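Order of the sequence lines fixes the chain letters, A, B, ..., with proteins taken first and strands second; residue numbering starts at 1 for each chain. Just so you know, these numbers come straight off a predicted model, no measurement behind them.
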Amino acid sequence: MNSVNGTRLFFDPRRMAVVYVMLFGVFLVMILRLVNLQVLQHLDWLGQAVENYTVIIRDPASRGIIYDRNGYVLARNAPAYHVVITPADLPDDPADVQHIYRELSALIGVPVNRGTVEDAKRIAPCVEGPGIVQLVALGESLAPYTPVRVKCYVEENIARIVRERAVDWPGVSIEVEPMREYPTGSLTATVVGFLGPIPAAFEAEYRAQGYVPGRDKVGYAGIELSMDALLLGKNGRRVIQEDVAGKVLRNLEPPIPPTPGYNVVLTIDTRLQAAAEAVLTNEIREWNEFFGEERITSGVVLALNPKTGEVLAMVSYPTYENNRMARFIPGYYYQQLSQDPRRPLLNHAISSEFPPGSTFKLATALGALNEGVITLGDTIQAPGQLILAEKFSPNDPGRERPFVDWVYELRGVINPQGFGTVDFLRCIAFSSNVCFYKLGGGYKDEIRQGLGIERLRQYARAIGYDQASGIALPGEQDGLIPTPQWKRINKGENWSTGDTYIASVGQGYVLSTPLQVLMSAMTIANDGKLMQPLIVREVRDSEGNVVEKWYDPLTGEITDTRSSPTSYRISPFTPTLKWDITRDPLIREYICEGPYCTETDNFKTVQPSVVQAVQDGLRLAVIENQGGLRRGTLNRVFTELVNLPIAVAGKTGTAEYCDDVALAKNRCRFGAWPAHSWTVAYAPHEDPEIIVLAFCYNGDEGASVAGPIVARVLQAYFEIKAIDLAASGGG
Amino acid sequence: MIRSVLWRHFDFWLLGAIVFAVAFGVAMIRSAVAGNEEIAQSVTRQIQFGILGLIVIAIVTALDYRLWLNIHLVMYGVTMVLLIGIYISAQPQFGAARWFQVAGFFIQPTELAKVVEILILAWYFEKTKDQPRDLRWILGSLAWVWGLAIWIFLQPNLSNVIVMMVIWAAMIWISGIPVRYLAWGGIIALLGVVAAFPFLRDYQRDRILIFLFPDPNVTYGATYNVLQALIAIGSGGLLGAGYGHGTQVQLRFLKVRHTDFIFSAVAEEFGLLGALLVIALLVFIILRCLRAARLARDISGALIAYGVAVLIFFQGAVNIAVNLRLIPVSGLPLPFISYGGSGLVSLMLGIGLVESVVLRHKSLEF
């Protein structure tokens, strides 16, 4: 035994020293660690503690409502009801809980017990499968204060029963989710569109603006897409303190309530829309029954006010049922739509391009008269066919081939004399192809200098072709007016004289959307003034005040003030003049010799008298009847089928085409070409207030298929107008 | 014998520190309940256990510690029977059958076994104090320890086996184990750990792996708990959030906050100051026990006091180190402060033994 200072020691002091060193060493390390955590890293850890209990809740803003021009609701938010159980609020006694489950199960049809909690983990919310016990057990283990959806989308009366029994069933409640509802459904689906989840590619962007991917929905088509920024509204923001179980304790910051989206009033008149849809589908059905096959596969009807550019009806057939996309976009339905060769998801009025056919003669006529290719007094020989040389270069001797008129072979009868001798107005009224070949491409001594493709393009562009209209709808196409350069680049071939001839009658490479065809006629009808086509009439805030909004079609941006030269005002209602061809020098001047033109830097306008003359030609198409072939193309429709007491003017078109469908049927050969049916007409002729266009894919003759549609829609328009006048006490 | 005790030698500083630690623990448990009804009873229970512990201290202090050495075989046998009993028949709970439910309290014989080990080793090393420090002597002591530890190992409760081995190592160290054996022992222990790793239970292996390679993204389990403990400690700062105001504790992000992670709760609500106070309290208690060891009248008394000091030191150090993420999660409570009846009573039993040693150091007085 060691002995120090008279004390007996049992332990070796050196060994004891080791023990003390370890003791103090260990605690020293801990103290250093504590200082590091609590003093040096304090703010980092404090931040994590705050993050632990801080939850930002984005209360959803209610989406704006879409109305038609008369205040009829086209899109609204309807409540969807879900039966939910908040596990933490259930009674403590398991017997009481079981009692509630049994009663609830009897009401909503979800079994009390089915499967295991493990099964429930694998099943997404709202998908049927697990029993109530399993769903609640799973929810309780994750976040007991978060309501578990036991049954989704229950009927309103069931929701009411559950609410009434709230006292007997603690923990059971109803969660209300706003769901988009389209009272007019497929009638306006083309215009209104539908909603879908925030796309993965834009998740970060939307999240930064306070939207919640997976919950909040955004526009996928139509107005829902183009006006999404207005309709969305602004989600609220609540910063709350939560405990680990998800129980909300208090607000950490003053809460910001959600701002509802703006309500959008469209220019559409649902009544006219319904009439137009009925007329179009009936006509298509009748013809398809007549032919015994689905020959006409799609069609378009457009009705606008030419003075203001307001779209009163926009029907694209076939379409889809946007109510079926309200809860979620069903995979099978979307696949069915997207694989349908008739393209029901496309708005054919603005998103599909077709050859405009004879309706394009408005551009040729306007140019020919304004450029002095022909005068009003001149007459032109219009035989049934024209033998013309197809030349690819100035020195090319050319290969002669016939360019036929549409009357050359009519219902099995050959008419070699065609329309005979016609003047400018009757060229339009009878829609003589031969006449327009000559005007466009020139013909011997009769028309020494034709209009030529370059100048034709200038006039076509001036009345709306070859560029998007800028209507506030997504997916608009540009159309195409070809140039020799375009052909060299895209087809690897020189421009030929034949190309000019057929471009003059809207065939060949010329492509346009139905809206462009309508705009061309609208420019003529409105004395050369092209109005911006409008689909939005005004935008209102949630309190009903009309607010100022500008739309830029180039970017799709919506701003409170004019943001760029291309933007136009969509609210308050303002008709916007795109341009006036009689005032704005839009037509580039060319010096032409034969089929070859050189560009200059001078621009000119269209003479008002020229516009007037084309109007007269369109009017003649309705009223002229000299018997036999010399009859206006729309005369039969407006005298024998629909006799309107109002002066109508218009133009038909039968546009031969060749696409993959026609090619597959071996129809792309001379004499067998299929044709689209076009008609555009406006009324009253003197002071037009309505212009209607009809297009039928593979409808063949314009006058007999699209013509009646236009006539009946015009009739419907004036009937609706009469009803409105009577209702407002006017006369 | 009792009559000859001089109560003025009673270490009131030690008792005071214990009472303070237990009271502070009760206060922290009260805060740590944080509205959780399942553990709401623990405040009352801890107070009951604290009072029971004080009675135990009084009784054990009054009895001469040599009494236990005289009946060491009975004591050893009863403890072993209890351990075998829970190994064989106890209800499985919390994944391991460690508990006996007696009179509404959870009694854990394992806690008792650690104190009994100290007594047995004190008896053994006193009896063999004049024997050569050879392998036989070492293995003899190990045999006594493993007679109890094997049953704890089979439960399985690795943490407490480690505690028992550390007590054995510390006691054989102070009893003069030659350094070369110690080196061999260290190597064997290291090899044993490596060799045992594949045989560990999944959760044990996970605890070690999670400590070595933490996954920062988990929202549950051991990593999550330790991360929440670090957040609690770090966010406490210098002075803490205040009693009852720590968000990690009160909003229950900190798990098992009334037992394994009570140190984090202290650190959050009382800051660095509170954490240092707890450490200082532990150091003070350990030093008072070592003082008792120095004053003891015989080797067994010294070893008992020393052993209790080691027990408190090791459990406290491991618990705090887990809280600070210095070592893997072990499940050892913070002495005197964590909620847990048997642990508290066993430790107070140990303190009673220390007081008994202090009280009977008469031989130093002339």
Review point. Looking at B:Val256, B:Asn225, B:Asn323, B:Val226, which one forms a side chain to side chain contact (heavy atoms under 4.5 Å, CB included) with B:Val329?
Key: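 Result: among B:Val256, B:Asn225, B:Asn323, B:Val226, B:Val226 is the only option passing the side chain to side chain contact (heavy atoms under 4.5 Å, CB included) with B:Val329.
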
What part of [X] gets within 4.5 angstrom of chain A, counting heavy atoms only: side chain, backbone, both, or neither?
X: B:Leu326; answer: side chain
X: B:Ala232; answer: neither
X: B:Ile177; answer: both
X: B:Gln250; answer: neither
X: B:Phe314; answer: neither
X: B:Leu230; answer: both
X: B:Leu303; answer: both

Practice item. Would you give the length of the straight line joining atom CH2 of B:Trp168 to atom OG of B:Ser175, rounded to the nearest 0.5 angstrom? Key: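 Rounded to the nearest 0.5 Å, the CH2-OG separation comes out at 11.0 Å.
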
Point to revise | Intermediate values then yes/no, salt bridge (Lys or Arg N to Asp or Glu O under 4.0 Å), B:Arg257 and B:Glu268 | key: CA-CA 11 Å; B:Arg257 56 197 172 275; B:Glu268 185 184 23; over 6 Å; no

Check your understanding: Is the ring centre of B:Trp137 less than 6.0 Å from the ring centre of B:Phe125?
Key -> yes

**Study point:** Proximal component of A:Leu43, with respect to chain B [non-hydrogen, under 4.5 Å]
**Key:**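 Contact with chain B is absent: no heavy atom of A:Leu43 under 4.5 Å.
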
Exercise for review: Check each atom of A:Gln48 against the heavy atoms of chain B and say whether the ones under 4.5 Å are side chain, backbone, both or neither.
Suggested key: both

Review point. What orientation do A:Phe24 and A:Tyr20 show, parallel under 30°, tilted 30 to 60°, or perpendicular over 60°?
Key: parallel

Review point. Does the pair A:Glu128 and A:Lys151 meet the rule for a salt bridge (Lys or Arg N to Asp or Glu O under 4.0 Å), with working shown?
Key: CA-CA 8 Å; A:Glu128 299 215 348; A:Lys151 170 101 177 173; 3.1 Å; yes

Exercise for review: Considering only heavy atoms and a distance below 4.5 Å, find which of A:Met30, A:Met22, A:Gln241 pairs most often with chain B.
Suggested key: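 Most heavy-atom pairs under 4.5 Å with chain B: A:Met30.
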
Review point. Between B:Asp298 and B:Arg66, is a salt bridge (Lys or Arg N to Asp or Glu O under 4.0 Å) present by the stated rule, with each step listed?
Key: CA-CA 10 Å; B:Asp298 50 23; B:Arg66 296 210 65 87; 2.5 Å; yes

